[in-house]
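Right, one structure below, let's go through it.
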Amino acid sequence: MSLPEKFVEKYQNILGSEADDFFASFKEEAVAAFRTNPLKGRQLSFENPIPNTDWGYYGKVSGRSAEHVSGLVYSQEPAAQMVAQAAAPAKGMKVLDLAAAPGGKTTHLLSYLDNTGILVSNEISKKRSKVLVENVERFGARNILVTNESPKNLAQTFDHYFDMIVLDAPCSGEGMFRKDPVAMQYWHEDYPAECADLQKEILQEAVKMLAFGGSLVYSTCTWAPEENEDIIRWLLSHYDYLELEDVPKINGMTEGIDMPEAARMYPHCFKGEGQFVAKLRDKRRAQPSLLSKNVKSYLKKDQEELWQTFADKYLKVKLEGQYQTFGNQLYLVPQGLPDLSTLKIARNGLHLGTFKKNRFEPSFALGLALRKGEVVQSIEIDVEQFKTYVSGNVLSLSKDYEKGWYHILINGNGLGFAKVTGNTLKNYFPKGLRF
Ligand code: SAM
């Protein structure tokens with residue numbers, strides 16, 4: 001790998017005697033890792049845990065494995081795992097992930113929230129927001145809304161609303177050079193300064209959405225001080241109510257440049273790729289939330305009946321939240337949100353299913369979000385059956401079952417619903433995901 005000349009010069013100056021070790025690390029392979037998903041009812045044991053993390057493991061997972069397809073694991077390199085770990089939102093918090101696709105930090109934040117509070121996960125690019133929705137659905141959380149908005153539009157709806165905001169900012173991506181050398185093509189000497197302008201623009205909107213007393217976590221996957229410490233100093237000088245909090249330095253993380261509270265990850269010190277993370281707090285006294293928690297039903301009478309008939313027959317849990325329809329689709333929307341009518345929504349909470357003529361058909365997302373035992377009838381499939389299931393073909397079962405909907409399980413975790421008649425299992429695995 002041949003690094004840009006100006007990049008080499010710059011980091012020779014910044015790192016001094018450490019520079020040789022830093023450049024040597026680019027000759028080594030990128031570190032693969034993943035996190036397990038605590039929202040899934042059945043956990044599996046994995047080897048090579050990342051020290052000092054709740055859910056991190058070194059190693060690669062295949063996108064075609066049952067563990068990935070059922071949302072039990074999420075691939076994310078170790079340095080990127082330190083961002084949501086620094087944020088570590090408490091249960092019940094209202095959290096915003098402002099630049100969220102493909103969803104690494106979002107799914108990690110969901111792990112901390114444990115189906116409490118609200119996560120608004122936003123992605124400005126429509127195409128990327130679709131990938132985000134897919135990853136969020138697989139993770140199976142019930143308390144998330146995915147928006148496809150500019151930070152400016154979002155700020156008009158969420159006035160000082162969030163207890164925590166995570167901005168994993170678009171950046172010059174130097175920390176990705178080893179994992180994805182294509183990132184080098186975009187790099188030029190002035191690129192970090194250009195990115196810094198965009199980062200400030202986004203942060204100006206972010207602060208408008210932060211509740212008094214809230215936390216702002218800022219991260220990039222670059223080492224450029226212009227996009228890291230300089231941005232934090234800019235924030236502190238423009239918003240005097242913000243103060244820095246310490247990010248604990250674990251696993252070889254180093255202090256920010258002249259900023260001991262912030263954390264840097266260099267591949268010659270930390271087993272992973274490049275990352276910067278800082279945590280700020282709004283010093284002003286928190287205000288009580290004024291949002292009503294009233295739950296209204298937006299369903300028509302016949303829809304209410306169809307859903308209730310389905311829920312009574314098949315579900316053992318009551319799903320708390322606001323039931324809303326969009327066309328003939330039924331969603332469970334998290335409670336306590338402001339009026340969202342001016343926003344582009346990519347996923348309106350948890351998709352429960354579709355109203356068809358005289359019946360309700362459960363969604364794939366619902367089958368991923370429910371745990372074993374939360375559905376009256378279930379069928380556990382094995383690895384061979386999994387291959388047929390994900391290809392979209394009909395499965396022949398070893399015995400006859402009573403006709404109806406069944407929760408399909410792999411390793412004890414939900415993988416959608418299927419309709420069974422006799423010994424034939426009709427596949428509802430989404431067409432776009434089949435392989
Ligand atoms: N947090 C993500 C994760 O962990 O999977 C990675 C986010 S990536 C570093 C930065 C994101 O910022 C990209 O998805 C990009 O589309 C988005 N972005 C680009 N320009 C933006 C802007 N002006 N405002 C907000 N987001 C922007």
Side-chain angles (χ1 to χ4, degrees), residues 33-35 37 55-56 63 71 73-87 89 95-112 119-139 141 144 146-158 162 164-177 179-180 182-183 186-187 191-192 194-209 216-224 227-228 231 265 272-278 343-344 346:
F34 61 93
R35 287 179 292 104
N37 176 354
W55 306 294
V73 297
Y74 189 98
S75 290
Q76 189 183 38
E77 65 84 17
Q81 295 192 20
M82 297 301 125
V83 175
Q85 172 145 344
V95 182
L96 170 66
D97 185 355
L98 187 47
K105 318 291 179 307
T106 271
T107 50
H108 203 178
L109 294 166
L110 288 169
S111 300
Y112 284 98
L119 179 68
V120 175
S121 182
N122 180 65
E123 169 55 45
I124 195 168
S125 141
K126 184 161 188 188
K127 196 167 159 210
R128 288 172 65 83
S129 74
K130 290 189 175 149
V131 180
L132 175 63
V133 165
E134 222 174 78
N135 285 330
V136 158
E137 290 206 334
R138 200 177 286 125
F139 216 68
I144 176 162
V146 182
T147 54
N148 168 214
E149 271 302 348
S150 66
K152 196 175 165 104
N153 275 352
L154 216 55
Q156 278 163 13
T157 293
F158 292 105
F162 294 103
M164 176 179 279
I165 296 178
V166 174
L167 174 61
D168 187 30
C171 70
S172 60
E174 297 168 355
M176 290 295 111
F177 284 0
K179 192 175 161 196
D180 179 15
V182 177
Y186 302 97
W187 195 91
Y191 194 27
E194 289 170 16
C195 292
D197 288 340
L198 177 60
Q199 288 151 0
K200 286 179 195 166
E201 245 175 63
I202 301 175
L203 283 165
Q204 277 167 10
E205 302 304 328
V207 291
K208 296 179 192 164
M209 294 187 265
L216 173 63
V217 174
Y218 175 80
S219 65
T220 68
C221 60
T222 199
W223 298 289
E227 301 175 64
N228 295 326
I231 290 286
M265 280 145 271
E273 305 314 296
Q275 193 86 41
F276 169 88
V277 59
L343 296 180
K344 290 203 283 288

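Whatever order the structure lists ligands and atoms in, that order sets their numbers, starting from 1.
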Kindly say whether A196 contributes a backbone atom to a donor-acceptor pair with the side chain of E227 at under 3.5 angstrom? no
Mode of I124 contact toward ligand 1 - side chain, backbone, both, neither (heavy atoms, under 4.0 Å): side chain
So, K105 and D168, do they make that salt bridge, N to O below 4.0 Å? yes
Side chains of T147 and N122: donor-acceptor distance under 3.5 Å anywhere? yes
Ligand 1 to A169, heavy atom cutoff 4.0 Å, flagged ligand atoms 9 (C)
Note: P151, heavy atoms under 4.0 Å from ligand 1, region reported as side chain
Please confirm whether C171 approaches ligand 1 to less than 4.0 Å, judged on its heavy atoms. no
Closest approach of any protein heavy atom to atom 4 (O) of ligand 1, naming residue and atom: K105 NZ, 2.8 Å
Among all protein heavy atoms in this structure, tell me which lies nearest to atom 1 (N) of ligand 1, with the distance rounded to 0.1 Å. D168 OD2, 2.8 Å
G71 backbone acceptor or donor facing N37 side chain under 3.5 Å: yes
In ligand 1, which numbered atoms sit nearer than 4.0 Å to a non-hydrogen atom of G103? 3 (C), 5 (O)
Under 3.5 Å between some N or O of ligand 1 and some N or O of G104? yes
Do me a favour and list the nearest non-hydrogen protein atom to atom 16 (O) of ligand 1 with residue, atom name and distance? E123 OE2, 2.6 Å
Atom 12 (O) of ligand 1 - nearest protein heavy atom and its distance: A99 CB, 3.4 Å
Under a 4.0 Å N-O cut-off, is there an ion pair linking E134 with K130? no
